[in-house]
Amino acid sequence: MATITKLPSGHWRVQVRRKQSYASETFLRHEDARRWATETEHRIDRGEPPLKRGKVDPTTFAHLVDLHVEDMCEVGKAPRRSKAFTLDALKDKLGKVRLEDLTRERLIQFGKNRAKEGAGPVTLSTDFSYLKLVLTHAAAVHGVNVKAEPVDLARFALKRLGLIGQSRQRDRRPTADELQRLLDHFDDNSKLQIPMGRVVRFAIASAMRQEEICRIRWSEVDVQRRVVLVRDRKDPREKDGNHQFVPLLNLTGFDALRLIRVQRKYCRRGDLIFPYNSRSIGTAFRRACKLLKIHDLHFHDLRHEATNRLFEAGMSIEQVALVTGHRDWKILKRYTHLRPEALHESHSRSSSLAKAAQATAYLLAVQLQAEWASRADAAIDARQPSDGTSDRTQQLAGLLLEGSGTKKVPQLVKDQARRKQR
């Protein structure tokens with residue numbers, strides 16, 4: 001039995017007592033209170049728990065979106081900008097559709113309409129991912145009688161039609177000429193409020209995203225260890241609390257630590273190293289590319305450039321991941337677009353190092369054998385037995401000669417060996 005009472009505040013309090021169950025909510029309007037009481041009684045009769053937060057039984061997709069958003073806000077995980085935008089768009093397109101009408105046919109038509117509006121395969125894939133998320137959340141958390149199978153079937157059909165797919169891996173890297181033109185343009189433009197030349201150089205030196213560059217702080221730079229703390233670094237699973245120490249390297253042609261030291265001279269106030277709006281950085285970069293007629297180059301491509309330069313410098317996947325912050329090395333692989341000419345440079349550098357190591361080993365072997373011969377001569381002259389040290393020295397010299405790639409004994413050592421025999 002439902003009882004509706006008007007409170008002194010003007011709100012309406014409704015209490016439902018039915019089959020040893022009790023529920024109570026407060027509403028601003030009497031009509032909302034009455035509807036909630038009716039729906040709650042029906043749920044109790046069906047053996048379902050009463051709805052919370054003054055909600056009636058969800059009947060449309062818009063109700064499910066609201067339930068999902070409120071639940072996420074309640075646990076402190078409110079949808080971020082991109083997710084909130086997608087949910088609002090879905091609510092606008094499908095909000096009035098009743099739950100029983102969310103069929104495979106209806107969802108396929110929704111996908112075709114979105115494609116006609118200009119939505120690409122990746123955008124449609126995101127839409128259907130959030131569609132399934134909202135339906136699954138409603139069924140699992142609130143017991144709403146709704147199924148996600150129609151979403152899976154519609155997604156499969158749209159994928160077969162080529163309307164849903166994965167993003168094309170981007171391999172755009174700035175050429176040396178393009179990068180130099182950009183840096184010259186930024187350095188010569190005194191009207192810019194943002195030191196874009198320094199920001200671009202730091203992006204290539206650190207492999208950070210533009211949002212991360214604008215978040216790092218002076219108080220979180222460890223000069224002795226040459227690292228800086230990047231808070232809430234982007235991660236596909238969890239962003240909040242994903243803090244990482246990023247090394248400030250000098251391997252990509254720019255010294256990250258030196259750049260922020262230079263920045264200190266021009267930015268003495270506040271704790272932010274680059275106290276600028278990340279969107280403004282992106283806008284300035286796009287304008288420069290348009291002015292210089294550099295096509296299809298984004299600021300994020302500088303992160304690709306930095307990642308590839310680290311690989312070209314000889315760093316391993318594990319070491320590069322410490323800089324870029326990638327936990328999944330498969331994702332890191334898509335950022336790796338080494339230039340073919342870099343292989344020649346790497347091979348030449350490796351050959352030079354190998355030759356230097358062989359030369360060092362050879363010289364050390366010569367010195368050890370000369371010392372062995374001298375000790376042997378001294379022992380013969382003093383008519384003393386060998387203590388074994390000379391033999392071990394000779395063995396070590398032989399190993400070094402083998403490591404140097406040669407077994408040829410220097411003439412000096414041969415002469416001393418003949419003298420020993422005499």
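Below 30°, between 30° and 60°, or above 60°: for F202 and F274 the angle between ring planes is between 30° and 60°, a tilted geometry. Relative orientation of the F110 and F128 rings is tilted, given thresholds of 30° and 60° on the angle between their planes.
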Would N113 and Q109 count as a side chain to side chain donor-acceptor pair (under 3.5 Å) here? Give the steps.
CA-CA 6 Å; N113 293 339; Q109 188 59 47; 3.0 Å; yes
Evaluate D184 against Q180 for side chain to side chain contact (heavy atoms under 4.5 Å, CB included), listing each step before the verdict.
CA-CA 6 Å; D184 291 342; Q180 190 60 51; 2.9 Å; yes
Give the C-alpha distance, both sets of side-chain angles, the deciding distance and a yes or no for side chain to side chain donor-acceptor pair (under 3.5 Å) between R286 and T283.
CA-CA 5 Å; R286 287 192 297 273; T283 300; 3.2 Å; yes
Go through the steps to decide whether T3 and R13 satisfy the test side chain to side chain donor-acceptor pair (under 3.5 Å), and finish with yes or no.
CA-CA 8 Å; T3 302; R13 183 184 183 188; over 6 Å; no
Evaluate L161 against K112 for side chain to side chain contact (heavy atoms under 4.5 Å, CB included), listing each step before the verdict.
CA-CA 10 Å; L161 294 173; K112 290 180 177 179; 4.0 Å; yes
With side chain to side chain contact (heavy atoms under 4.5 Å, CB included) as the test, would you mind laying out the steps for R209 and H300 before giving the verdict?
CA-CA 7 Å; R209 304 172 179 86; H300 193 74; 4.2 Å; yes
Given F285 and L302, is the side chain to side chain contact (heavy atoms under 4.5 Å, CB included) satisfied, shown in steps?
CA-CA 11 Å; F285 191 85; L302 301 179; 4.0 Å; yes
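Note that CD of Q210 is 10.0 Å distant from OG of S280, once rounded to the nearest 0.5 Å. Within the model, atoms CZ of R233 and CG of L229 stand 10.0 Å from one another, a figure rounded to the nearest 0.5 Å. Rounding to the nearest 0.5 Å gives a distance of 10.0 Å between CZ of R172 and CD of E305. How far NE2 of H42 is from CD1 of I44: 11.0 Å, rounded to the nearest 0.5 Å. Atoms CG and CG, on D177 and L292 in that order, are 10.0 Å from each other to the nearest 0.5 Å. To the nearest 0.5 angstrom, D66 atom CG is 11.0 Å from H68 atom NE2.
Of the charged side-chain nitrogens involved, at least one lies within less than 4.0 Å of a carboxylate oxygen, so that R173 and E312 count as a salt-bridged pair. Taking 4.0 Å as the cut-off between side-chain N and carboxylate O, R98 and E100 count as a salt-bridged pair. Salt bridge E31/R34: present, at least one basic N to carboxylate O contact under 4.0 Å. Between E39 and R43, no side-chain nitrogen of the basic residue sits less than 4.0 Å from a carboxylate oxygen of the acidic one, so the salt-bridge criterion is not met. Under 4.0 Å is where a charged nitrogen must lie from a carboxylate oxygen, and between D45 and R18 at least one such pair does.
Formation of a donor-acceptor pair under 3.5 Å by the R215 side chain with backbone atoms of D232 is found in this model. Put simply, the side chain of D271 gets close to the backbone of S219: a donor and an acceptor are under 3.5 Å apart. Side chain of S129 to main chain of S125: a donor-acceptor pair is present (N/O by atom type, distance under 3.5 Å, no hydrogens or angles). Put simply, the side chain of D152 never gets that close to the backbone of E149: no donor and acceptor are under 3.5 Å apart. S206 places no side-chain N or O within donor-acceptor distance of the main-chain N or O of A256, the cut-off being under 3.5 Å. Using modelled atom types, one side-chain atom of W218 and one backbone atom of L272 make a donor-acceptor pair closer than 3.5 Å.
Taking A84 as the reference, P79 meet the side chain to side chain contact (heavy atoms under 4.5 Å, CB included) condition, with sequence neighbours excluded.
Inter-residue side-chain proximity for H63 and T60 is flagged as met; some heavy-atom pair is nearer than 4.5 Å. In this structure, the side chains of V200 and L182 stay at 4.5 Å or more apart for every pair of heavy atoms. Looking only at side-chain heavy atoms (C-beta outward), E25 and T40 stay at 4.5 Å or farther from each other. Taking the side chain as every heavy atom from C-beta outward, R309 and F254 approach each other to under 4.5 Å. Using a 4.5 Å heavy-atom threshold, the side chains of V221 and I273 count as touching. Q244 is not listed as a side-chain neighbour of E212, based on a closest heavy-atom distance of 4.5 Å or more. Here the side chains of H142 and L64 are not in contact, with every heavy-atom distance at 4.5 Å or above. Counting heavy atoms from C-beta on, the side chains of E220 and R231 come closer than 4.5 Å.
Residues L259 and R201 approach most closely at CD1-C, 3.6 Å, considering heavy atoms. Listed here is the closest heavy atom pair of S278 and E211: OG-CG, 3.8 Å. In plain terms, the two heavy atoms of D255 and A205 that are nearest each other are C-CB, 4.4 Å. Counting all heavy atoms, side chain and backbone alike, L107 lies closest to L94 at CD2-CD1, 4.4 Å. Across all non-hydrogen atoms, the minimal contact from R261 to V223 is NH2-CG1, 3.0 Å. Of all heavy-atom pairs spanning V199 and I213, the tightest one is O-CD1, 4.4 Å.
Around the CZ atom of R287, the shell of radius 6.0 Å holds no more than 12 heavy atoms that belong to other residues, nucleotides or ligands. Residue R181 qualifies as enclosed at atom CZ: its count of foreign heavy atoms under 6.0 Å is above 12.
The stretch residues 189-199 participates, sequence neighbours left out, in these side-chain hydrogen bond (donor to acceptor under 3.5 Å, both in side chains) pairs: R198-Q263.
Paired with D127 under the rule salt bridge (Lys or Arg N to Asp or Glu O under 4.0 Å), one option of K83, K91, R114 passes, and it is R114.
Between the side chains of R35 and T38, no donor N or O sits under 3.5 Å from an acceptor N or O.
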